[in-house]
J.: 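Take a look at the following structure, please.
The first residue in the sequence is number 1, and the count goes up from there.
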Amino acid sequence: MHFDIMRVLRTPHSERFVLQREGRDAAGVDLHYLVGGVVAGTVSIFHDAGIGDNDVPAVLAFIDESLLPEASIAEGNIHFTVIIGNVLGSFSAEAPAGQ
C-alpha cells in the first residue's frame with residue numbers, strides 16, 4: 001500500500017503527517033520520539049478512505065519503512081495506536097467576544 005506523505009507539524013520530539021491516496025486525505029499520523037530510540041505513534045485512518053481493518057498492517061508497514069528508518073516494528077521499538085473514524089473538524093480556542 002502506498003501513500004503520498006505531507007508533514008504538517010514538527011517539534012523537537014514529535015511530528016504530524018497526513019497520508020494521501022489519489023489526492024484525498026486517508027490518515028493522520030502523529031509520531032512521538034521517546035528516549036532510547038522508541039517511537040510511539042497514533043494513526044487515525046479516515047473512515048471514508050477505503051482502508052479496512054485487514055489493511056492496517058500494510059499501512060503500519062508503510063509508515064515504518066517510509067518515515068522511521070531509525071526504528072522498526074520488527075525490532076519492537078515502534079508502538080502504534082490505530083483509530084478508524086470520522087473527522088469532525090478543526091477546533092481552536094477563541095478569545096471571548098469583546099476582547
J.: Can you tell me which residue pairs pass the salt bridge (Lys or Arg N to Asp or Glu O under 4.0 Å) test with a partner in residues 80-89, sequence neighbours excluded?
T.: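 Sorted result for residues 80-89: empty, none.
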
J.: Applying side chain to side chain donor-acceptor pair (under 3.5 Å), name anything that partners S90, two or more places apart in sequence or on another chain.
T.: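 Per chain and number, S90 pairs via side chain to side chain donor-acceptor pair (under 3.5 Å) with no residue.
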
J.: Treat each ILVMFWY residue as a node, draw an edge where side-chain heavy atoms are under 4.5 Å apart, and state whether M1 and V82 are in one component.
T.: yes

J.: Can you name the residues that form a ring pair (Phe, Tyr, Trp, His ring centres under 6.0 Å) with H13, not counting sequence neighbours?
T.: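 Here no residue qualifies.
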
J.: Please list every donor-acceptor pair under 3.5 Å in which a side-chain atom of residues 27-54 meets a protein atom from a residue at least two apart or in another chain.
T.:
residue: D30; atom: OD1; partner: R16; partner atom: NE; Å: 2.5
residue: D30; atom: OD1; partner: R16; partner atom: NH2; Å: 3.2
residue: Y33; atom: OH; partner: E15; partner atom: OE1; Å: 2.4
residue: D48; atom: OD2; partner: R24; partner atom: NH2; Å: 3.3

J.: Who passes side chain to side chain donor-acceptor pair (under 3.5 Å) against D4, sequence neighbours left out?
T.: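 Not a single residue meets the side chain to side chain donor-acceptor pair (under 3.5 Å) criterion with D4.
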
J.: Which atom pairs, one a donor and one an acceptor, fall under 3.5 Å between side chains of residues 58-75 and the rest of the protein, sequence neighbours left out?
T.:
residue: D64; atom: OD2; partner: I73; partner atom: N; Å: 3.1
residue: S66; atom: OG; partner: F62; partner atom: O; Å: 2.9
residue: S72; atom: OG; partner: E75; partner atom: N; Å: 3.0

J.: Less than 4.5 Å apart, side chain to side chain, heavy atoms only: is that true for R21 and H2?
T.: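 Side-chain contact under 4.5 Å: no.
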
J.: Check whether F80 and I5 end up in the same hydrophobic cluster, where Ile, Leu, Val, Met, Phe, Trp and Tyr are linked by side-chain heavy atoms less than 4.5 Å apart.
T.: yes

